[in-house]
2 protein chains.
Amino acid sequence: MVPATGLRDTLLDHAIVMLEAGEAEPGIRALARAAGVSAMAPYRHFADKAALLAAVAERGFALFLDALSAADAEGSDAERLVAQGVAYVDFACAHPALFRAMFARGAAAPKQPDAPAFAILTRRVAALVGADDPTAALGCWAIVHGMATLALDGGVTLMPEQVRAVLRTYVAGIVAVMRDCPTPGPSPEGEG
Amino acid sequence: MVPATGLRDTLLDHAIVMLEAGEAEPGIRALARAAGVSAMAPYRHFADKAALLAAVAERGFALFLDALSAADAEGSDAERLVAQGVAYVDFACAHPALFRAMFARGAAAPKQPDAPAFAILTRRVAALVGADDPTAALGCWAIVHGMATLALDGGVTLMPEQVRAVLRTYVAGIVAVMRDCPTPGPSPEGEG
DNA sequence: CTGCGTATGTGTACGGTGTAAACAGCGGAG
DNA sequence: CTCCGCTGTTTACACCGTACACATACGCAG
(Lines give C-alpha, C1' and ligand atoms only; values in the text may rest on other atoms or scores of the structure.)
Protein backbone atom coordinates (compact mmCIF):
# COMPACT_ATOMS: atom_id res chain seq x y z
CA MET A 1 0.00 0.00 0.00
CA VAL A 2 2.64 2.49 0.99
CA PRO A 3 6.02 2.28 -0.71
CA ALA A 4 8.14 2.61 2.40
CA THR A 5 11.69 1.45 2.68
CA GLY A 6 11.68 0.73 6.38
CA LEU A 7 9.40 0.43 9.34
CA ARG A 8 10.17 3.94 10.43
CA ASP A 9 8.75 5.48 7.27
CA THR A 10 5.87 3.04 7.26
CA LEU A 11 4.91 4.11 10.76
CA LEU A 12 5.09 7.78 9.87
CA ASP A 13 3.03 7.17 6.74
CA HIS A 14 0.34 5.45 8.73
CA ALA A 15 0.46 8.19 11.35
CA ILE A 16 -0.17 10.83 8.69
CA VAL A 17 -2.99 8.77 7.19
CA MET A 18 -4.60 8.31 10.59
CA LEU A 19 -4.32 11.98 11.38
CA GLU A 20 -5.85 12.92 8.05
CA ALA A 21 -8.65 10.47 8.80
CA GLY A 22 -9.45 12.43 11.93
CA GLU A 23 -7.69 10.36 14.56
CA ALA A 24 -6.76 12.53 17.50
CA GLU A 25 -3.51 10.82 18.42
CA PRO A 26 -2.42 7.71 16.56
CA GLY A 27 -0.70 5.97 19.47
CA ILE A 28 2.18 3.55 19.39
CA ARG A 29 0.16 0.38 19.51
CA ALA A 30 -2.40 1.43 16.92
CA LEU A 31 0.41 2.46 14.61
CA ALA A 32 2.21 -0.83 15.08
CA ARG A 33 -1.02 -2.70 14.42
CA ALA A 34 -1.58 -0.71 11.24
CA ALA A 35 1.96 -1.49 10.13
CA GLY A 36 1.50 -5.18 10.90
CA VAL A 37 4.23 -5.41 13.50
CA SER A 38 4.29 -6.03 17.22
CA ALA A 39 3.53 -3.28 19.69
CA MET A 40 7.17 -2.91 20.68
CA ALA A 41 8.62 -2.69 17.20
CA PRO A 42 8.23 1.10 16.91
CA TYR A 43 10.54 1.52 19.88
CA ARG A 44 13.44 0.38 17.69
CA HIS A 45 12.98 3.58 15.68
CA PHE A 46 11.57 6.07 18.17
CA ALA A 47 12.58 6.61 21.76
CA ASP A 48 8.97 7.06 22.82
CA LYS A 49 5.61 8.33 21.67
CA ALA A 50 6.71 11.93 21.87
CA ALA A 51 9.62 11.26 19.53
CA LEU A 52 7.29 9.61 17.05
CA LEU A 53 4.88 12.51 17.14
CA ALA A 54 7.78 14.91 16.76
CA ALA A 55 8.79 13.11 13.58
CA VAL A 56 5.21 13.32 12.35
CA ALA A 57 5.22 17.03 13.11
CA GLU A 58 8.43 17.42 11.15
CA ARG A 59 6.73 15.90 8.11
CA GLY A 60 3.77 18.16 8.65
CA PHE A 61 5.99 21.21 8.70
CA ALA A 62 7.54 20.15 5.42
CA LEU A 63 4.10 20.04 3.80
CA PHE A 64 3.25 23.28 5.54
CA LEU A 65 6.33 25.00 4.16
CA ASP A 66 5.43 23.80 0.68
CA ALA A 67 1.95 25.29 0.98
CA LEU A 68 3.26 28.62 2.24
CA SER A 69 5.97 28.76 -0.39
CA ALA A 70 3.47 28.12 -3.17
CA ALA A 71 1.28 30.93 -1.87
CA ASP A 72 4.27 33.26 -1.65
CA ALA A 73 5.15 32.69 -5.29
CA GLU A 74 3.98 35.88 -6.98
CA GLY A 75 2.48 39.31 -6.54
CA SER A 76 3.45 42.33 -4.52
CA ASP A 77 4.79 41.92 -1.02
CA ALA A 78 1.40 42.73 0.46
CA GLU A 79 -0.36 40.33 -1.86
CA ARG A 80 2.09 37.57 -1.08
CA LEU A 81 1.73 38.15 2.63
CA VAL A 82 -2.04 37.93 2.44
CA ALA A 83 -1.82 34.87 0.23
CA GLN A 84 0.49 33.24 2.76
CA GLY A 85 -1.98 33.96 5.50
CA VAL A 86 -4.83 32.42 3.56
CA ALA A 87 -2.65 29.39 2.82
CA TYR A 88 -1.79 29.15 6.52
CA VAL A 89 -5.43 29.00 7.54
CA ASP A 90 -6.35 26.77 4.63
CA PHE A 91 -3.66 24.29 5.59
CA ALA A 92 -4.92 24.13 9.14
CA CYS A 93 -8.50 23.60 7.99
CA ALA A 94 -7.49 21.01 5.42
CA HIS A 95 -5.32 19.03 7.84
CA PRO A 96 -6.73 19.78 11.29
CA ALA A 97 -5.30 16.82 13.17
CA LEU A 98 -1.91 17.16 11.54
CA PHE A 99 -1.86 20.87 12.31
CA ARG A 100 -2.71 20.17 15.92
CA ALA A 101 0.03 17.56 16.14
CA MET A 102 2.47 20.06 14.69
CA PHE A 103 1.63 22.61 17.34
CA ALA A 104 1.13 20.28 20.26
CA ARG A 105 3.08 21.41 23.27
CA GLY A 106 5.03 18.16 23.37
CA ALA A 107 6.57 18.30 19.92
CA ALA A 108 9.94 20.00 20.17
CA ALA A 109 9.44 20.73 16.50
CA PRO A 110 10.52 23.81 14.59
CA LYS A 111 8.03 26.20 16.10
CA GLN A 112 10.43 29.00 16.81
CA PRO A 113 10.00 32.18 14.80
CA ASP A 114 13.22 31.46 12.89
CA ALA A 115 12.08 28.05 11.71
CA PRO A 116 11.82 27.68 7.92
CA ALA A 117 8.03 27.55 7.92
CA PHE A 118 7.84 30.91 9.68
CA ALA A 119 10.95 32.51 8.29
CA ILE A 120 9.19 32.72 4.95
CA LEU A 121 6.46 34.80 6.57
CA THR A 122 8.90 36.89 8.57
CA ARG A 123 10.89 37.57 5.42
CA ARG A 124 7.83 38.74 3.56
CA VAL A 125 6.90 41.06 6.38
CA ALA A 126 10.43 42.44 6.40
CA ALA A 127 10.21 43.02 2.65
CA LEU A 128 6.89 44.76 3.13
CA VAL A 129 7.96 47.16 5.84
CA GLY A 130 11.45 47.62 4.42
CA ALA A 131 13.20 46.43 7.55
CA ASP A 132 13.28 43.64 10.03
CA ASP A 133 10.31 44.19 12.29
CA PRO A 134 9.81 41.37 14.78
CA THR A 135 6.65 42.92 16.14
CA ALA A 136 5.00 43.23 12.75
CA ALA A 137 5.99 39.65 11.93
CA LEU A 138 4.63 38.46 15.25
CA GLY A 139 1.38 40.24 14.55
CA CYS A 140 0.93 38.60 11.17
CA TRP A 141 1.84 35.22 12.55
CA ALA A 142 -0.49 35.62 15.50
CA ILE A 143 -3.38 36.70 13.29
CA VAL A 144 -3.22 33.74 10.97
CA HIS A 145 -2.38 31.29 13.72
CA GLY A 146 -5.18 32.64 15.82
CA MET A 147 -7.70 32.30 13.03
CA ALA A 148 -6.47 28.80 12.30
CA THR A 149 -6.73 27.77 15.94
CA LEU A 150 -10.15 29.33 16.37
CA ALA A 151 -11.39 27.62 13.24
CA LEU A 152 -10.08 24.27 14.47
CA ASP A 153 -10.87 24.26 18.18
CA GLY A 154 -13.30 27.13 18.50
CA GLY A 155 -16.68 27.21 16.90
CA VAL A 156 -15.55 29.73 14.34
CA THR A 157 -16.28 29.20 10.66
CA LEU A 158 -13.93 31.12 8.42
CA MET A 159 -14.17 32.17 4.82
CA PRO A 160 -11.11 33.09 2.77
CA GLU A 161 -12.43 36.60 2.18
CA GLN A 162 -12.62 37.12 5.91
CA VAL A 163 -9.09 35.90 6.41
CA ARG A 164 -7.96 38.17 3.62
CA ALA A 165 -9.83 41.16 5.06
CA VAL A 166 -8.36 40.70 8.53
CA LEU A 167 -4.87 40.37 7.16
CA ARG A 168 -5.29 43.37 4.90
CA THR A 169 -6.49 45.41 7.85
CA TYR A 170 -3.34 44.54 9.74
CA VAL A 171 -1.18 45.42 6.75
CA ALA A 172 -2.99 48.73 6.54
CA GLY A 173 -2.22 49.22 10.21
CA ILE A 174 1.46 48.53 9.62
CA VAL A 175 1.49 51.09 6.84
CA ALA A 176 -0.34 53.62 8.98
CA VAL A 177 2.01 53.11 11.91
CA MET A 178 5.01 53.39 9.57
CA ARG A 179 3.65 56.64 8.29
CA ASP A 180 3.44 57.93 11.84
CA CYS A 181 6.92 56.92 12.94
CA PRO A 182 9.01 55.95 9.89
CA THR A 183 11.74 53.44 10.61
CA PRO A 184 15.32 54.46 9.90
CA GLY A 185 16.04 52.10 7.04
CA PRO A 186 16.47 51.88 3.27
CA SER A 187 14.35 54.09 1.03
CA PRO A 188 10.71 53.33 1.86
CA GLU A 189 9.06 52.11 -1.31
CA GLY A 190 5.35 51.83 -1.91
CA GLU A 191 3.94 48.51 -1.00
CA GLY A 192 2.66 48.11 -4.51
CA MET B 1 -28.77 25.74 39.76
CA VAL B 2 -26.40 22.93 40.50
CA PRO B 3 -27.93 20.65 43.12
CA ALA B 4 -24.60 19.39 44.41
CA THR B 5 -22.21 21.31 46.58
CA GLY B 6 -20.40 18.10 47.43
CA LEU B 7 -18.18 15.86 45.39
CA ARG B 8 -18.88 17.60 42.14
CA ASP B 9 -17.39 20.88 43.27
CA THR B 10 -14.58 19.12 45.08
CA LEU B 11 -13.59 17.36 41.89
CA LEU B 12 -13.66 20.58 39.93
CA ASP B 13 -11.61 22.31 42.60
CA HIS B 14 -8.97 19.62 42.45
CA ALA B 15 -9.04 19.71 38.67
CA ILE B 16 -8.32 23.44 38.69
CA VAL B 17 -5.55 22.98 41.23
CA MET B 18 -3.97 20.22 39.18
CA LEU B 19 -4.16 22.26 36.01
CA GLU B 20 -2.60 25.24 37.73
CA ALA B 21 0.13 22.92 38.97
CA GLY B 22 0.98 22.05 35.39
CA GLU B 23 -0.87 18.78 34.98
CA ALA B 24 -1.75 18.22 31.35
CA GLU B 25 -5.08 16.47 31.85
CA PRO B 26 -6.23 15.64 35.35
CA GLY B 27 -7.99 12.38 34.52
CA ILE B 28 -10.95 10.82 36.24
CA ARG B 29 -9.01 8.43 38.44
CA ALA B 30 -6.40 10.94 39.54
CA LEU B 31 -9.16 13.38 40.41
CA ALA B 32 -11.07 10.76 42.38
CA ARG B 33 -7.87 9.85 44.21
CA ALA B 34 -7.25 13.49 45.08
CA ALA B 35 -10.81 13.81 46.35
CA GLY B 36 -10.44 10.66 48.41
CA VAL B 37 -13.20 8.70 46.70
CA SER B 38 -13.27 5.64 44.50
CA ALA B 39 -12.45 5.81 40.84
CA MET B 40 -16.07 5.45 39.78
CA ALA B 41 -17.52 8.10 42.06
CA PRO B 42 -17.04 10.96 39.60
CA TYR B 43 -19.35 9.21 37.17
CA ARG B 44 -22.25 10.03 39.49
CA HIS B 45 -21.69 13.69 38.62
CA PHE B 46 -20.22 13.66 35.13
CA ALA B 47 -21.25 11.51 32.21
CA ASP B 48 -17.64 10.99 31.21
CA LYS B 49 -14.25 12.61 31.19
CA ALA B 50 -15.23 15.05 28.46
CA ALA B 51 -18.15 16.30 30.54
CA LEU B 52 -15.88 16.83 33.50
CA LEU B 53 -13.38 18.75 31.43
CA ALA B 54 -16.19 20.80 29.96
CA ALA B 55 -17.26 21.78 33.47
CA VAL B 56 -13.66 22.71 34.24
CA ALA B 57 -13.57 24.80 31.08
CA GLU B 58 -16.76 26.53 32.17
CA ARG B 59 -15.08 27.56 35.41
CA GLY B 60 -12.08 28.72 33.47
CA PHE B 61 -14.24 30.88 31.27
CA ALA B 62 -15.79 32.49 34.32
CA LEU B 63 -12.35 33.48 35.58
CA PHE B 64 -11.44 34.52 32.07
CA LEU B 65 -14.46 36.77 31.80
CA ASP B 66 -13.57 38.38 35.11
CA ALA B 67 -10.07 39.15 33.88
CA LEU B 68 -11.30 40.63 30.63
CA SER B 69 -14.00 42.66 32.36
CA ALA B 70 -11.49 44.11 34.78
CA ALA B 71 -9.25 45.13 31.90
CA ASP B 72 -12.19 46.67 30.06
CA ALA B 73 -13.05 48.87 33.01
CA GLU B 74 -11.83 52.28 31.94
CA GLY B 75 -10.27 54.38 29.23
CA SER B 76 -11.16 55.08 25.63
CA ASP B 77 -12.55 52.34 23.46
CA ALA B 78 -9.18 51.78 21.86
CA GLU B 79 -7.42 51.71 25.22
CA ARG B 80 -9.94 49.27 26.62
CA LEU B 81 -9.61 47.05 23.60
CA VAL B 82 -5.84 46.96 23.91
CA ALA B 83 -6.10 46.35 27.65
CA GLN B 84 -8.46 43.47 27.01
CA GLY B 85 -5.98 41.98 24.57
CA VAL B 86 -3.16 42.21 27.07
CA ALA B 87 -5.38 40.65 29.71
CA TYR B 88 -6.28 37.87 27.28
CA VAL B 89 -2.65 36.97 26.70
CA ASP B 90 -1.76 37.44 30.34
CA PHE B 91 -4.50 35.08 31.40
CA ALA B 92 -3.27 32.42 29.02
CA CYS B 93 0.31 32.79 30.25
CA ALA B 94 -0.74 32.80 33.89
CA HIS B 95 -2.98 29.72 33.57
CA PRO B 96 -1.58 27.80 30.60
CA ALA B 97 -3.08 24.39 31.36
CA LEU B 98 -6.45 25.86 32.23
CA PHE B 99 -6.43 27.93 29.07
CA ARG B 100 -5.61 24.85 27.02
CA ALA B 101 -8.39 22.91 28.68
CA MET B 102 -10.78 25.74 27.92
CA PHE B 103 -9.91 25.65 24.24
CA ALA B 104 -9.45 21.93 23.83
CA ARG B 105 -11.43 20.63 20.92
CA GLY B 106 -13.46 18.31 23.11
CA ALA B 107 -14.97 20.90 25.42
CA ALA B 108 -18.29 21.98 23.98
CA ALA B 109 -17.78 25.07 26.11
CA PRO B 110 -18.77 28.62 25.27
CA LYS B 111 -16.23 29.17 22.55
CA GLN B 112 -18.59 30.71 20.05
CA PRO B 113 -18.06 34.36 19.22
CA ASP B 114 -21.27 35.28 21.04
CA ALA B 115 -20.20 33.66 24.32
CA PRO B 116 -19.92 36.11 27.24
CA ALA B 117 -16.13 35.94 27.34
CA PHE B 118 -15.90 37.05 23.73
CA ALA B 119 -18.97 39.22 23.54
CA ILE B 120 -17.19 41.72 25.75
CA LEU B 121 -14.43 41.97 23.16
CA THR B 122 -16.84 42.07 20.25
CA ARG B 123 -18.80 44.82 21.96
CA ARG B 124 -15.70 46.91 22.48
CA VAL B 125 -14.74 46.53 18.84
CA ALA B 126 -18.25 47.55 17.82
CA ALA B 127 -18.00 50.61 20.03
CA LEU B 128 -14.65 51.42 18.50
CA VAL B 129 -15.69 51.22 14.87
CA GLY B 130 -19.16 52.59 15.55
CA ALA B 131 -20.97 49.57 14.14
CA ASP B 132 -21.11 45.83 14.38
CA ASP B 133 -18.15 44.57 12.41
CA PRO B 134 -17.73 40.80 12.70
CA THR B 135 -14.56 40.86 10.66
CA ALA B 136 -12.86 43.47 12.83
CA ALA B 137 -13.90 41.55 15.94
CA LEU B 138 -12.61 38.33 14.47
CA GLY B 139 -9.31 40.01 13.72
CA CYS B 140 -8.86 41.26 17.27
CA TRP B 141 -9.85 37.93 18.70
CA ALA B 142 -7.54 36.06 16.34
CA ILE B 143 -4.62 38.34 17.15
CA VAL B 144 -4.80 37.90 20.89
CA HIS B 145 -5.71 34.24 20.70
CA GLY B 146 -2.89 33.64 18.27
CA MET B 147 -0.36 35.34 20.51
CA ALA B 148 -1.65 33.41 23.50
CA THR B 149 -1.44 30.10 21.66
CA LEU B 150 2.00 30.83 20.28
CA ALA B 151 3.22 31.81 23.72
CA LEU B 152 1.85 28.62 25.21
CA ASP B 153 2.62 25.96 22.61
CA GLY B 154 5.10 27.70 20.36
CA GLY B 155 8.48 28.82 21.49
CA VAL B 156 7.41 32.44 21.47
CA THR B 157 8.15 34.68 24.41
CA LEU B 158 5.88 37.66 24.60
CA MET B 159 6.20 40.98 26.35
CA PRO B 160 3.19 43.13 27.18
CA GLU B 161 4.54 46.00 25.09
CA GLN B 162 4.68 43.70 22.09
CA VAL B 163 1.12 42.57 22.60
CA ARG B 164 0.08 46.17 22.94
CA ALA B 165 1.98 47.21 19.81
CA VAL B 166 0.46 44.45 17.70
CA LEU B 167 -3.03 45.25 18.86
CA ARG B 168 -2.53 48.96 18.32
CA THR B 169 -1.31 48.27 14.81
CA TYR B 170 -4.49 46.37 14.08
CA VAL B 171 -6.61 49.14 15.52
CA ALA B 172 -4.73 51.60 13.31
CA GLY B 173 -5.55 49.33 10.39
CA ILE B 174 -9.22 49.33 11.27
CA VAL B 175 -9.20 53.11 11.37
CA ALA B 176 -7.33 53.31 8.08
CA VAL B 177 -9.70 50.90 6.37
CA MET B 178 -12.68 52.79 7.77
CA ARG B 179 -11.26 55.95 6.29
CA ASP B 180 -11.02 54.28 2.89
CA CYS B 181 -14.53 52.86 2.79
CA PRO B 182 -16.52 54.65 5.47
CA THR B 183 -19.74 52.67 5.07
CA PRO B 184 -19.01 49.08 4.29
CA GLY B 185 -22.24 47.18 4.01
CA PRO B 186 -22.56 44.51 6.63
CA SER B 187 -19.68 42.35 5.54
CA PRO B 188 -20.46 38.88 4.19
CA GLU B 189 -21.71 37.77 7.55
CA GLY B 190 -20.03 34.56 8.57
CA GLU B 191 -22.55 32.21 10.00
CA GLY B 192 -22.35 32.44 13.78
C1' DC C 1 32.78 -23.19 8.02
C1' DT C 2 32.35 -21.22 13.07
C1' DG C 3 31.85 -17.43 16.17
C1' DC C 4 30.38 -12.94 17.26
C1' DG C 5 28.36 -8.32 17.63
C1' DT C 6 24.71 -5.34 16.01
C1' DA C 7 20.27 -4.21 14.30
C1' DT C 8 15.64 -5.33 14.24
C1' DG C 9 11.30 -7.40 15.66
C1' DT C 10 8.59 -10.47 19.25
C1' DG C 11 6.45 -11.86 23.74
C1' DT C 12 5.46 -11.01 28.20
C1' DA C 13 4.46 -8.14 31.98
C1' DC C 14 3.46 -3.97 34.90
C1' DG C 15 1.04 0.01 36.02
C1' DG C 16 -1.84 3.47 34.21
C1' DT C 17 -6.28 4.92 31.98
C1' DG C 18 -11.64 5.33 30.88
C1' DT C 19 -15.69 3.12 31.85
C1' DA C 20 -19.52 -0.62 32.07
C1' DA C 21 -22.10 -3.59 35.55
C1' DA C 22 -23.55 -5.02 39.89
C1' DC C 23 -24.00 -3.96 44.60
C1' DA C 24 -24.45 -1.30 49.38
C1' DG C 25 -25.77 2.49 52.54
C1' DC C 26 -28.98 6.13 53.30
C1' DG C 27 -32.72 9.68 53.28
C1' DG C 28 -37.47 10.60 52.06
C1' DA C 29 -42.49 9.00 50.31
C1' DG C 30 -46.10 5.70 50.43
C1' DC D 1 -42.54 -0.59 58.06
C1' DT D 2 -41.22 -1.10 52.92
C1' DC D 3 -39.75 0.84 48.58
C1' DC D 4 -36.98 4.03 45.82
C1' DG D 5 -33.65 7.17 44.11
C1' DC D 6 -29.20 9.14 45.02
C1' DT D 7 -24.52 8.37 45.96
C1' DG D 8 -20.41 5.87 46.41
C1' DT D 9 -17.91 1.09 46.18
C1' DT D 10 -16.12 -3.02 44.15
C1' DT D 11 -14.99 -5.69 40.40
C1' DA D 12 -13.86 -6.33 35.67
C1' DC D 13 -12.49 -5.34 30.87
C1' DA D 14 -10.03 -3.27 27.12
C1' DC D 15 -6.72 -0.21 25.91
C1' DC D 16 -2.56 2.40 26.50
C1' DG D 17 2.84 3.39 27.00
C1' DT D 18 6.80 1.03 27.87
C1' DA D 19 10.59 -1.86 30.50
C1' DC D 20 12.70 -6.35 30.10
C1' DA D 21 14.25 -10.59 28.09
C1' DC D 22 14.44 -13.22 24.01
C1' DA D 23 14.65 -14.54 18.94
C1' DT D 24 16.11 -13.80 14.39
C1' DA D 25 19.02 -12.04 10.56
C1' DC D 26 22.77 -9.60 8.97
C1' DG D 27 28.00 -8.43 7.97
C1' DC D 28 32.51 -9.60 9.27
C1' DA D 29 37.01 -11.93 11.76
C1' DG D 30 39.22 -16.04 12.31
* Quickly work out the B:L31 CG to D:dG8 C1' distance and round it to whole Å. => 16 Å
* Contact letters for nucleotides 12-26 of chain D, in which S counts primed atoms plus P, OP1 and OP2 and B counts the base, heavy atoms under 4.0 Å -> ----BBBBBB-----
* In terms of side-chain geometry, is the basic nitrogen of A:R59 or A:D9 positioned less than 4.0 Å from the acidic oxygen of its partner? -> yes
* Can you see which heavy atom on B:I174 is nearest to which on A:T169, and at what distance? => N-CG2, 3.4 Å
* Structure fact -> From CD of B:E23 across to P of C:dG16 the rounded distance in Å is 14 Å
* Can you measure from CG (A:D132) to CZ (A:R123) and round to the nearest 0.5 angstrom? => 11.0 Å
* Asked: Which whole-number value in Å describes the distance from B:L11 CG to C:dG18 P?
  -> 12 Å
Donor-acceptor contacts under 3.5 Å from residues 64-76 of chain B side chains, at least two apart:
{"from": "B:S69", "atom 1": "OG", "to": "B:L65", "atom 2": "O", "distance (Å)": "2.8"}
{"from": "B:D72", "atom 1": "OD1", "to": "B:Q84", "atom 2": "NE2", "distance (Å)": "2.9"}
{"from": "B:D72", "atom 1": "OD1", "to": "B:R124", "atom 2": "NE", "distance (Å)": "2.8"}
{"from": "B:D72", "atom 1": "OD2", "to": "B:R124", "atom 2": "NH2", "distance (Å)": "2.7"}
{"from": "B:S76", "atom 1": "OG", "to": "B:E79", "atom 2": "N", "distance (Å)": "3.1"}

Report all side-chain donor-acceptor pairs from residues 15-24 of chain A shorter than 3.5 Å, counting only partners two or more places apart or in another chain.
{"from": "A:E20", "atom 1": "OE1", "to": "A:H95", "atom 2": "ND1", "distance (Å)": "3.0"}
{"from": "A:E20", "atom 1": "OE2", "to": "A:H95", "atom 2": "ND1", "distance (Å)": "2.9"}

* Does B:H45 make a side-chain N or O approach to OP1 or OP2 of D:dC6 shorter than 4.0 Å? -> no
* Asked: Looking at side-chain heavy atoms only, is the closest gap between A:T10 and A:V37 below 4.5 Å?
  -> no
